[in-house]
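Every chain is numbered from 1 and lettered A, B, ... according to where its sequence line falls, protein lines coming before strand lines.
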Protein chains: 2
Amino acid sequence: MSVPLYQAKAEFFKTLGHPARIRILELLSERDHAVHELLDRIDIEPSSLSQQLAVLRRTSLVTSARVGGEVVYSVSVPEVRDLLLAARRILSGIIAVQGELESELSPTATS
Amino acid sequence: MSVPLYQAKAEFFKTLGHPARIRILELLSERDHAVHELLDRIDIEPSSLSQQLAVLRRTSLVTSARVGGEVVYSVSVPEVRDLLLAARRILSGIIAVQGELESELSPTATS
DNA sequence: TTGTCAGTTGCACACTTTATCAAGTCTTGA
DNA sequence: TCAAGACTTGATAAAGTGTGCAACTGACAA
């Protein structure tokens, strides 16, 4: 492979490193959505949404299809859902630890 | 929580979005490493490595401890390994699909 | 045809990240 | 106490990203 794997991985994670893109993937992993439906659920300008969708398309994480007047997006890699779950688990762990540290410093420490 | 979860997730993925940081986490998920050991395995300036380690420290993904003359780093969240594996799986999937698309376009298409 | 809704694209500006160089801290051994 | 190895920090130029506006395309209904 021309691109080392760790670099491809970094690119991949970079793609996920934007709040709107995370939201999009979360919504799409529930079910397919037309762009205007995503627009209803995410607080973002249409042009900005379009750009973020383009980023996800470039990475082949989602695909789009024109259906009459609207464009419908779907996740093309179902495993993305697992990844988001794994991230949530790790994040909860980290947040929990940070909470402990904070309460150790506070006057109402619990242990 | 003050920060919405999807934003925290994006931050988290952003942290992983750098080749050196991926390499670091891969090496550390094998075993703890001193900085100069990482330096031997990753092609990067010491100061740059230090910066990337600082990023990982800020996110609480790794912890450091001074042991005599050296500073030893460890992953603080073992699940990171699962995450990297999940990413590799998704990535292989995507790369495989892209390979198929390419061979469809090439004169030696296999199907 | 024309207006309108649905999306996308092109840009310019602001902001963030990264790489590199120089300088500084800490620790150990001579 | 000094020198050297092991790291970190600060500063800064260069590169990369994100945002919002305006302009543009495609589909459909009046």
Using the 3.5 Å cut-off, write out each protein N or O paired with an N or O of nucleotides 4-11 of chain D and the distance between them.
| residue | atom | partner | partner atom | Å |
| --- | --- | --- | --- | --- |
| D:dC7 | OP1 | B:Val71 | N | 2.9 |
| D:dC7 | OP2 | B:His36 | N | 2.4 |
| D:dT8 | OP1 | B:Tyr73 | OH | 2.8 |
| D:dT8 | OP2 | B:Ser50 | OG | 2.5 |
| D:dT8 | O5' | B:Ser50 | OG | 3.1 |
| D:dA11 | N6 | B:Gln51 | NE2 | 3.4 |

Measure from [atom1] on [X] to [atom2] on [N] and round the result to the nearest Å.
X       : N      : atom1 : atom2 : value
B:Leu56 : C:dT17 : CG    : P     : 14 Å
B:Ile44 : C:dC21 : CD1   : P     : 14 Å
A:Glu45 : C:dT9  : CD    : P     : 17 Å
A:Arg58 : D:dG18 : CZ    : C1'   : 12 Å
A:Ile42 : D:dG20 : CD1   : P     : 14 Å
A:Gln52 : C:dT8  : CD    : P     : 12 Å
A:Arg23 : D:dG18 : CZ    : P     : 18 Å
A:Lys14 : C:dT16 : NZ    : C1'   : 12 Å

Report whether B:Ile44 and B:Tyr73 are members of the same hydrophobic cluster (ILVMFWY, side-chain heavy atoms less than 4.5 Å apart, transitive linking).
yes

Is there a continuous path of hydrophobic side-chain contacts, each under 4.5 Å between heavy atoms, that joins A:Leu53 to A:Val55?
no

Can any side-chain N or O of A:Arg57 pair as donor or acceptor with the backbone N or O of A:Ser64 at less than 3.5 Å?
no

Donor-acceptor pair, A:Arg23 side chain versus B:Tyr6 backbone, under 3.5 Å?
no

Whether A:His33 contacts C:dG7 is assessed here as follows: a side-chain N or O lying under 4.0 Å from the phosphate OP1 or OP2. Is that the case?
no

Can you establish whether the number of heavy atoms outside A:Asp40 located under 6.0 Å from its atom CG is more than 12?
yes

Distance-only donor-acceptor hits, side chain of residues 77-95 of chain B, under 3.5 Å, sequence neighbours excluded:
| residue | atom | partner | partner atom | Å |
| --- | --- | --- | --- | --- |
| B:Arg81 | NH1 | B:Ser29 | O | 3.0 |
| B:Ser92 | OG | B:Arg88 | O | 2.5 |

